[in-house]
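The analysis underlying the following values was restricted to heavy atoms, covering all of them including side chains, and did not include hydrogens, waters or symmetry mates. Each chain gets a letter, A, B and so on, in the order the sequences are listed, and its residues count up from 1.
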Amino acid sequence: MTERGEGILTAATRPTGLATEEPVGRSTGWWGVMLFLTTEGTLFAALFGSYFYLRFQHGAPWPPDGIRQPELLLPLIMTAVLVPSSLPVLWAEAGIRQGRRWQLRAGLFGTLVMGGTFLGLQGVEYSGILREYTFTTNVYGSLFYAITTFHGSHVAVGLLMVCWLLVASLHGSFGPHRYERVRIVAYYWHFVDAVWVAILFTVYLSPRL
Amino acid sequence: MASTDAVVRSRRFVAGSAGGGLLLLLSGCAGGGPSTLDPAGFGARRVEGFWWLLFWISVVVFVEVMALLVWALVFRRRPDRRVNRSEPTRFVVVAGAGLPIVVLLTVYGIGLRDLAALSTPEVPPAVTVEVTGHKWWWEVRYAGVDGATANEIQIPVGEPVLVRLRTVDVLHSFWVPQLMPKTDLIAGKVRETWLHAERPGEYRGQCAEYCGLQHAHMAFLVVARPRAEFDAWLARLGAPARTPDSDAERRGQQAFLGSACVACHTVRGTAATGTVGPDLSTVGARWSLGAGAVSNDGGHLGGWIANSQTVKPGNAMPPQPVDAAALPDLIAYLQSLR
Amino acid sequence: MPSSTTERGAGPGTEVVERLTAEWAEPPTLRGWFSTVDHKRIGRRYLVTAAVFFGFAGFSALAMRTQLAGPEAEILSPGEYNQLFSMHGTAMIFLFSTPMLFGFGNFLVPLMVGARDMAFPRLNAFGYWVFLFAGLFMWASVPAGAAPNGGWFAYVPLTDERHTPGLHLDVYTLGLLFLGISTSAGAINFIVTSLKLRAPGMSLNRVPVFVWAIVATSFMVIFALPVLNLDNALLFLDRRFDTRFFDTDRGGNVLLWQHLFWIFGHPDVYIIVMPALGIVSAVLPVFCRRGIVAYPLIVLSVVAIAIISFGVWVHHMFATGLPQLSYGFFSAASTIITIPSGLQIFAWLATMLLGRIVVRVPFLFVVGFIVTFVIGGFTGVMFALTAFDQQTTDSYFVVAHFHYVLFGGAVFPILAAIYYWLPKISGRMYSERLGRYAFWLIFVGMNLTFFPMHVSGLLGMPRRVYTYPGGLGWDPWNLLATVGAYVLGLGLLLVAVGVVHALRRGAPAPDDPWGGDSLEWATSSPPKPYNFPVLPRVHSLHPVWDPRTAESTGPGATEDRILTDGRQTLFTSELDGRYERAVRMPEETLKPLVAAIGLLTVFVGLLFAWYWVAAAGGALFAGTLAGWLWPAHRTPEEAGVPA
Ligand code: HEA
Ligand code: HEA
Ligand code: CUA
Ligand SMILES: [Cu+2]
């Protein structure tokens, strides 16, 4: 939010100012991001719903047209990279709450590395699968690429946001009283993680059921 | 037949006259058009009865609401009136929830019963019609008969007929208001419905699902006639097309077989075996050209062949470069195909 | 009842007012026009823009009606007709109804809850610009001859690349995706505003019904709109990049489109009608001189409709051949949803019967609403019964139903709202006489237009036909409808004239011309940029009728509700409205406009397959966002970092 240099000190010592120091209740930012993630979650839910709808309307065999069952090894490695990447975010957030700015930076950096690795692995996976089928091959191919790319682009956006935070934190903007943006990005990142678990189940495991 | 007819008429008369001028008008207009209120088939009659029930319930509830509204507007405007500050929650619950629940349970039950009645005919149908939707015409075939017509479905009267529906392109919907509610044609699926005409006659049907440019001109006619006539007609459909029996017709046939027509149209027993457009083996006897676009007479036929795009813009038949001298013969030939 | 600020108590001193004015005033420059974040200005813009789009869509309808006046007319070509009816439906639903109601929400929600702005004022400005650009994006396709032509629900496979080449459907999918960003942003903003920015003391049981309706609507947007977005994204991919979601030859399924569309589409019709019902609940009691009857039941109904509406979508697919059992279920759900509507109708009737009615133009439109909405509701119940629906679906009977609920259920309340809040919005009174003429023309015209459609539908006339043959019994009804449409158009023109007349010549409006009960009437007409010099403390559901609220803004008001230091408003707790803290509100900025321009570039780039342009637009958008949300630099002390 825009701040004015002058008057901050006086403001800080007034009753209302003191109230700002120790926020009570949820902030609008918190509600805003929760609602945003709700719409995003609904979008993914509808996408998974469409996957199952198309699958069951299509009938066996699934995947169709002689496409092999999705390989599991790489996706499991990707899971092992992405899901734990929520931990450094948590750690970073905990750090800034205590005023440890280095911890914030280190945590964000860790996330960046793990998220980047995930995207790299996704590229590796694509380069293999694209030789077998593409998004125009049939409805299965369309679903596979649409779901994974859509999620991948969320990871990419998340990484951009983490970069942005990292730059802002080098700039010295955060502290125990000012870490809302860290929290918001953290929520987004956890969300992207959780969606991946749903994708693992839907795209990679469910065809084997 | 005649007796059910009379019963129907009198029932409609009762419903109509009780409803006053508007409904009289309605039933009056029903004659001739494809009116759902002038049913001639089992399914449509079922729904017509249901409609009048729903209509009268709506009238009663509407009058009740209007009475309260008018009462308030008339008697609650005096400037000296004291405002009543009570909270009549019970009135709101009883009138706004209790009453509707009773009404809705009733009509829901009846609705389910009617839905079940629509789903399968009382006796298994003996005749199966295979109808295929095209942009923007209907291809009509009969199971076990090698032959096809277009935009015209002949059925025997007094018995259920199975209709199997497919589409080769977009969604269409099969609707004969006087006989049966709609069945959508879904790409990639085969749908089924049935028709049961109670009295002989011609019943207009029309595509009811928006299917693009000429959705407005995708009508068809269901012709119900006695079984014997139907059988004769069906036998005719399965046989080769009539051969020309005048010189003009023969020249017309030559012109026809010598032009692009054969790439798209079939005339059974000739070299014309195209399947892009309607089978023309009985085109002379059809009720219309272009699925209701124009009536089927010499003038329109000539116009259609020369440039059907002016008649039914966007349809899949390109303008044909038939030279003007040959056209009358061609028309004569096509009209002889009955 | 007090009717002006002066009678209501002295309020804070002039010194306070001066400070507030200095903090909140926006420069009257051109730049200030583009950079405003004031919810009242933005709300007004929503209203005007949506009204203009209504005019476009209405003129499309007049053209259609002219073509349909008689059989076999050749005024419009089939291609033109199909574009016009598709644009008419799409624009009325997406570019008129929802934005218009969001416009009222924008103007009124902060006032009604006693706040100084929306929770996210810049997001609000951004939402408006996106709405404007998306609307222009779609309307620009009409003169270009590339307007959507697949109907407002654009069923595949008709709308796939093979059957409809050209830009038509790309305008549709991209336009709606673009617009969806605005609608979602608006919905989030409404919810958060209503949760956090309510005046102290405004616990949930004191929230005006209109605000409840807006919040319930917003929740429906949150859950429904993503489904439409997904649907449109899939169609765009199918059309542009040859994916196979709807391609039956490659395992796709065409009914997926319909399911997704109506999972959104049905809630959407309530998204349209709910704020309108909220308007009725705001306007009607005031002209009955008492509070609304059965407030808790009404709120319950609003919430119930919001929830049940997600479980009825299949009633738009009764002829597609889904299993009978599912028809039984969806038919039941569709009948059940009438109950909360019935409760509201009878609560309004009871309010009228117990009150003392004063008939003014807004009230006339409310009465017109009740008459027409009940008729439309009844035909809705008929459709809910599958057997009846299979006979009448896709006929003009459906067209009659939805115009009765859309025109009767949404446009009448919107017109009531225009007359009711015009004094507040503009500070001017409208001409009562002009308003009454307009009402009668509209009421008669509306019924004359749409009632005959019931008849032509029953007589077997399918919808979406650009022409029809004569002699089937349809001719007189179509002619009547066309005449009605012109009468209706005349009435609407009179409304426009009335509004312009009021703005130009209207008498100055008092602060509270109607003796209203909600907080927007507790401030000046039009409200000052800071809305309230003192944020009120609320003690009841009808704060303006409650002397304690007036007292709370009187001389005894404490500094913690005046907040003159910078732009500030209050956070209160979500449920009880307990005072939490004062917060800063942002200043005006051009960033929302720039971000919206970035998005416009993205969508134009996608439309014409200029992907590099789209990427540049994306970069502009992301860059603007990064700057917009950039955290201010803090010294370690401010941030609370131990040195
Ligand atoms: C504002 C918009 C709006 C509203 C409020 C409604 C309200 C309702 N609608 Fe409507 N509807 C549309 C907009 C709306 N609709 C649109 C746009 C379409 C067509 C889309 C298209 O195809 O283009 C449509 C189509 C549509 C269909 C599909 C028709 C078809 O295409 O075949 C159905 C089917 O069930 C339906 C049902 C209902 C029901 C049950 C209600 C109920 O909510 C109505 C409830 C209200 C009342 C019943 C009146 C008040 C109640 C009382 C006075 C109490 C007493 C009542 C009784 C005893 C019954 N609607
Ligand atoms: C809120 C929704 C809404 C509203 C208000 C209307 C209003 C009108 N509608 Fe429409 N309509 C739809 C929603 C709506 N419609 C939808 C969703 C469809 C389905 C589309 C589809 O099938 O895909 C439809 C379809 C539809 C059809 C069926 C087309 C077909 O199936 O072939 C027809 C036919 O007559 C019609 C007519 C009208 C008319 C005459 C009006 C009149 O009420 C219009 C009156 C308005 C004017 C005449 C404009 C005058 C305005 C001014 C003078 C003020 C100008 C002011 C400024 C510029 C500031 N509409
Ligand atoms: Cu086929 Cu409409
Ligand atoms: Cu619906």
(message) I'd like to know which of C:Asp249, C:Asn229, C:Asn253, C:Leu197 tops the heavy-atom pair count under 4.5 Å against chain A.
(response)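 Heavy-atom pair counts peak at C:Asn253.
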(request) Using a cut-off of under 4.5 Å on heavy-atom pairs, state which of C:Val227, C:Leu234, C:Leu255 scores highest against chain A. (result)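 That would be C:Leu255.
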Under 4.5 Å from a heavy atom of chain C, the part of [X] involved:
{"X": "A:Thr134", "value": "neither"}
{"X": "A:His58", "value": "side chain"}
{"X": "A:Phe174", "value": "both"}
{"X": "A:Phe36", "value": "both"}
{"X": "A:Val157", "value": "neither"}
{"X": "A:Arg100", "value": "neither"}

To check you understand the geometry: which heavy-atom pair defines the closest contact between [X] and [Y], and what is its length?
{"X": "C:Ala632", "Y": "A:Ser173", "result": "O-CB, 3.6 Å"}
{"X": "C:Pro226", "Y": "A:Leu43", "result": "O-CD1, 2.9 Å"}
{"X": "C:Phe120", "Y": "A:Gly32", "result": "CZ-CA, 4.1 Å"}

(message) Let's go through A:Ser50 and C:Leu230 carefully: what are the C-alpha distance in whole Å and the side-chain angles of both, what is the deciding distance for side-chain contact (heavy atoms from CB on, under 4.5 Å) to 0.1 Å, and is it a yes or a no?
(response) CA-CA 10 Å; A:Ser50 305; C:Leu230 175 67; 3.7 Å; yes
(request) Determine whether A:Thr39 and C:Leu225 make a side-chain contact, defined as any pair of heavy atoms from C-beta on separated by less than 4.5 Å. (result)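 They are not in contact (no side-chain heavy atoms under 4.5 Å apart), so the answer is no.
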(request) Against chain A, label C:Phe219 side chain, backbone, both or neither, depending on which of its atoms sit under 4.5 Å from a heavy atom there. (result)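 Side chain only.
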(message) Is C:Leu625 close to chain A through its backbone or its side chain, or both, or neither, when contacts mean heavy atoms under 4.5 Å?
(response)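 Neither part; nothing is under 4.5 Å.
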With rounding to the nearest 0.5 angstrom, report the [atom1] to [atom2] distance, [X] to [Y].
{"X": "C:Leu237", "Y": "A:Tyr145", "atom1": "CG", "atom2": "OH", "answer": "14.5 Å"}
{"X": "A:Arg26", "Y": "C:Leu195", "atom1": "CZ", "atom2": "CG", "answer": "12.0 Å"}
{"X": "A:Thr137", "Y": "C:Asp242", "atom1": "OG1", "atom2": "CG", "answer": "11.0 Å"}
{"X": "C:Ile222", "Y": "A:Leu35", "atom1": "CD1", "atom2": "CG", "answer": "4.5 Å"}
{"X": "C:Asp238", "Y": "A:Thr136", "atom1": "CG", "atom2": "OG1", "answer": "11.0 Å"}
{"X": "C:Arg581", "Y": "A:Ser27", "atom1": "CZ", "atom2": "OG", "answer": "6.5 Å"}

(request) Check for a donor-acceptor pair, side chain of A:Arg181 on one end and backbone N or O of C:Leu629 on the other, with a separation under 3.5 Å. (result)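 Here the side-chain-to-backbone pair exists.
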(request) Name the member of A:Glu40, A:Glu180, A:His171 that forms the most heavy-atom pairs with chain C at distances under 4.5 Å. (result)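 Of the candidates given, the most pairs with chain C belong to A:His171.
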Whether over 12 other heavy atoms sit under 6.0 Å from [X] [atom1]:
{"X": "A:Tyr126", "atom1": "OH", "result": "yes"}
{"X": "A:Glu71", "atom1": "CD", "result": "no"}
{"X": "A:Arg68", "atom1": "CZ", "result": "no"}

(message) Once you measure the plane-to-plane angle for A:Tyr53 and C:His259, does it fall in the parallel (<30°), tilted (30-60°) or perpendicular (>60°) bin?
(response)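 Answer is perpendicular, since the angle exceeds 60°.
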(request) Could you check C:Arg244 against A:Phe135 for side-chain contact (heavy atoms from CB on, under 4.5 Å), going step by step and ending with a plain yes or no? (result) CA-CA 8 Å; C:Arg244 309 291 181 183; A:Phe135 49 84; over 6 Å; no
(message) Using the rule given for side-chain contact (heavy atoms from CB on, under 4.5 Å), can you reason through A:Thr28 versus C:Lys196, listing the C-alpha separation, both sets of side-chain angles and the distance that settles it, and then say yes or no?
(response) CA-CA 7 Å; A:Thr28 49; C:Lys196 290 304 296 183; 3.9 Å; yes
(request) Kindly determine whether A:Leu143 and C:Phe245 satisfy side-chain contact (heavy atoms from CB on, under 4.5 Å), including the steps that lead there. (result) CA-CA 8 Å; A:Leu143 281 168; C:Phe245 297 104; 3.7 Å; yes
